[in-house]
Enquirer: 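Quick one: the structure is below, and I'll ask about it shortly.
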Amino acid sequence: QVQLVESGGGLVQAGGSLKLSCAASGRTFSNYALDWFRQAPGREREFVAGTSWISARTYYADSVKGRFTISRENAKNMVYLQMNILKPEDTAVYYCAARPYGAGSRGVPDDYNYWGQGTQVTVSS
């Protein structure tokens, strides 16, 4: 079992920055990919960013590439999402999600076993 808790959301102006954190608990933390999704009201949940710790690769949705940075600090069981140059269209509830390595595919919501409760990010124009 993995428990995930997001924090760091809030209200920011367009062009501003915000850093989200996801705290994970569970003895099998290292066996999971911890990625970020977001969902705005009336919209489908969408993949935002992911990371492969072993390969050091990172993956981003085209809409956030160059503005967002995902990082993972395994020693603290934390994953972060640094969001810069925020836009109103970034407004959404942001979730971290866990997917076992070797199971499912990155970025496919149904393949993630665990989800946090989300943290609201609102970007004003």
Side-chain angles (χ1 to χ4, degrees):
Q1 298 291 325
V2 176
Q3 294 79 45
L4 306 172
V5 180
E6 304 94 339
S7 62
L11 174 64
V12 298
Q13 293 182 346
S17 298
L18 204 61
K19 187 174 184 177
L20 306 183
S21 300
C22 174
S25 61
R27 292 189 296 273
T28 59
F29 172 82
S30 62
N31 296 327
Y32 290 83
L34 297 176
D35 298 340
W36 288 96
F37 291 78
R38 67 186 182 187
Q39 187 169 21
R43 292 182 176 271
E44 293 185 352
R45 186 167 40 187
E46 64 175 342
F47 173 79
V48 176
T51 183
S52 174
W53 187 251
I54 295 175
S55 68
R57 292 180 177 180
T58 55
Y59 307 87
Y60 299 94
D62 288 341
S63 59
V64 307
K65 190 174 298 183
R67 300 188 297 120
F68 290 11
T69 303
I70 187 173
S71 61
R72 183 170 176 171
E73 195 168 7
N74 284 344
K76 296 183 178 180
N77 285 8
M78 299 286 289
V79 62
Y80 306 96
L81 185 67
Q82 177 66 51
M83 306 184 295
N84 298 324
I85 320 175
L86 283 162
K87 303 175 180 179
E89 52 262 43
D90 295 320
T91 296
V93 177
Y94 283 72
Y95 301 90
C96 60
R99 174 181 57 83
Y101 286 117
S105 300
R106 182 189 63 255
V108 179
D110 287 348
D111 290 345
Y112 288 72
N113 298 79
Y114 304 100
W115 296 82
Q117 293 301 303
T119 185
Q120 177 71 48
V121 173
T122 302
V123 184
S124 61
S125 59

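Sequential numbering from 1 along the given sequence is applied to the chain's residues.
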Enquirer: Tell me, please, which residues at least two apart from Tyr80 pass ring pair (Phe, Tyr, Trp, His ring centres under 6.0 Å).
Expert: none
Enquirer: Look up atom CG in Leu81 and atom SG in Cys22, then write down how far apart they are to the nearest 0.5 Å.
Expert: 10.5 Å
Enquirer: Could you work out, with salt bridge (Lys or Arg N to Asp or Glu O under 4.0 Å) as the rule, every residue matching Asp110, not counting sequence neighbours?
Expert: none
Enquirer: Test your reading of the model: is there a side-chain donor-acceptor pair from Glu6 to the backbone of Gln117, 3.5 Å cut-off?
Expert: yes
Enquirer: To the nearest 0.5 Å, tell me how far Met78 CE sits from Ser7 OG.
Expert: 6.0 Å
Enquirer: Can you name the side-chain hydrogen bond (donor to acceptor under 3.5 Å, both in side chains) partners of Thr122, sequence neighbours left out?
Expert: Gln120
Enquirer: Could I get the full list of side-chain contact (heavy atoms from CB on, under 4.5 Å) partners for Ala98, not counting sequence neighbours?
Expert: Val2, Leu4, Tyr32, Leu34, Tyr114
Enquirer: Main chain of Tyr94, side chain of Thr119: is a donor-acceptor contact present, judged purely on distance under 3.5 Å?
Expert: no
Enquirer: The criterion is side-chain hydrogen bond (donor to acceptor under 3.5 Å, both in side chains); which residues satisfy it with Thr58, sequence neighbours excluded?
Expert: none
Enquirer: For Arg106, what residues pass the salt bridge (Lys or Arg N to Asp or Glu O under 4.0 Å) criterion, not counting sequence neighbours?
Expert: none
Enquirer: Please tabulate, for side-chain N and O atoms in residues 12-19, each donor-acceptor pair with protein atoms closer than 3.5 Å (sequence neighbours left out).
Expert:
{"unit_1": "Ser17", "atom_1": "OG", "unit_2": "Asn84", "atom_2": "OD1", "d": "2.8"}

Enquirer: side-chain hydrogen bond (donor to acceptor under 3.5 Å, both in side chains) with Tyr95: which residues, sequence neighbours excluded?
Expert: none
Enquirer: Suppose we call two aromatic rings close when their centres sit under 6.0 Å apart. Are Trp115 and Phe37 close by that rule?
Expert: yes
Enquirer: Show your working on side chain to side chain contact (heavy atoms under 4.5 Å, CB included) between Asp35 and Tyr59 and close with a plain yes or no.
Expert: CA-CA 9 Å; Asp35 298 340; Tyr59 307 87; over 6 Å; no
Enquirer: Can you list everything that forms a salt bridge (Lys or Arg N to Asp or Glu O under 4.0 Å) with Lys87? Sequence neighbours excluded, please.
Expert: none
Enquirer: Using the test side-chain contact (heavy atoms from CB on, under 4.5 Å), find all partners of Thr69 that sit at least two apart in sequence or belong to another chain.
Expert: Tyr60, Gln82
Enquirer: With sequence neighbours left out, write down each residue that passes salt bridge (Lys or Arg N to Asp or Glu O under 4.0 Å) with Glu46, or none if nothing qualifies.
Expert: Arg38
Enquirer: Between Cys96 and Val79, which heavy-atom pair has the shortest distance, and what is it?
Expert: CB-CG1, 4.4 Å
Enquirer: Going by side-chain hydrogen bond (donor to acceptor under 3.5 Å, both in side chains), name the residues that satisfy it together with Arg99, two or more places apart in sequence or in a different chain.
Expert: none
Enquirer: Would you mind reporting whether Met83 and Val121 have side-chain heavy atoms less than 4.5 Å apart?
Expert: yes
